[in-house]
Amino acid sequence: MLPENDQERKAIRLSNQWRVFPKATVALAKHIQRGGDKYCNGVPEWDRSKSPEDLESMMRHCFELVNGKEDEYTLAAIAWRAMAILENH
């Protein structure tokens, strides 16, 4: 995942996520915990067997968004699914 070369690895600033997107990072963390509570006995993990269709689920949440459901849960769900797609790429 990260480069083995020290210089290349250190050039990837993981802390930038929190600095650039502080509210989104907190919303995503809360969304992950809600999913852990619902699907993984309170453990904030990703049970891929319970969420196999990331693109379809993200599009459903996008549809909810454009139809007026502009709440933190919906926005975090879209972000989570986008990250899941990127993670699986």
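What you see below is based on every heavy atom in this structure, not just the backbone, and it leaves out hydrogens, waters and symmetry mates.
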Chemist: Taking ring pair (Phe, Tyr, Trp, His ring centres under 6.0 Å) as the definition, give me every residue that meets it alongside Trp18, ordered by chain and number, with sequence neighbours left out.
Modeler: none
Chemist: Could you state the interatomic distance from CG (Leu75) to NZ (Lys23), rounded to the nearest 0.5 Å?
Modeler: 11.0 Å
Chemist: Looking only at non-hydrogen atoms, find the nearest pair between Ala76 and Leu28 and report the distance.
Modeler: O-CD1, 3.9 Å
Chemist: Show me the donor-acceptor pairs, under 3.5 Å and distance only, between side chains in residues 8-15 and residues at least two apart or in other chains.
Modeler:
| from | atom 1 | to | atom 2 | distance (Å) |
| --- | --- | --- | --- | --- |
| Arg9 | NH1 | Pro3 | O | 3.3 |
| Arg9 | NH1 | Glu4 | O | 2.9 |
| Arg9 | NH2 | Asp6 | OD1 | 2.2 |
| Ser15 | OG | Arg19 | NH2 | 3.1 |

Chemist: Quick one: side chains of residues 54-63, donor-acceptor pairs under 3.5 Å with protein atoms, not counting sequence neighbours, listed by atom name and distance.
Modeler:
| from | atom 1 | to | atom 2 | distance (Å) |
| --- | --- | --- | --- | --- |
| Asp54 | OD1 | Arg81 | NH1 | 2.7 |
| Asp54 | OD2 | Asn88 | ND2 | 3.4 |
| Ser57 | OG | Glu53 | O | 3.1 |
| His61 | ND1 | Glu64 | OE1 | 3.2 |

Chemist: If two hydrophobic side chains count as joined below 4.5 Å and joins carry through other members, does Ile78 share a cluster with Met83?
Modeler: no
Chemist: Run Trp80 and Trp46 through side-chain contact (heavy atoms from CB on, under 4.5 Å) and show every step you take.
Modeler: CA-CA 11 Å; Trp80 190 90; Trp46 180 12; 3.2 Å; yes
Chemist: Surrounding CG of Asn41 (heavy atoms of other residues, nucleotides or ligands, distance under 6.0 Å), is the total greater than 12?
Modeler: no
Chemist: Output the distance between atom CG (Asn67) and atom OG1 (Thr74), rounded to the nearest 0.5 Å.
Modeler: 11.0 Å
Chemist: Kindly assign one of parallel, tilted or perpendicular to the pair Tyr73 and His31, based on the angle between their ring planes and the thresholds 30° and 60°.
Modeler: tilted
Chemist: Using atom types as modelled and distance alone, determine if a side-chain donor or acceptor of Gln33 lies under 3.5 Å from a backbone N or O of Gly42.
Modeler: yes
Chemist: CG/Asp47 to CD/Glu45 distance, rounded to the nearest 0.5 angstrom?
Modeler: 8.5 Å
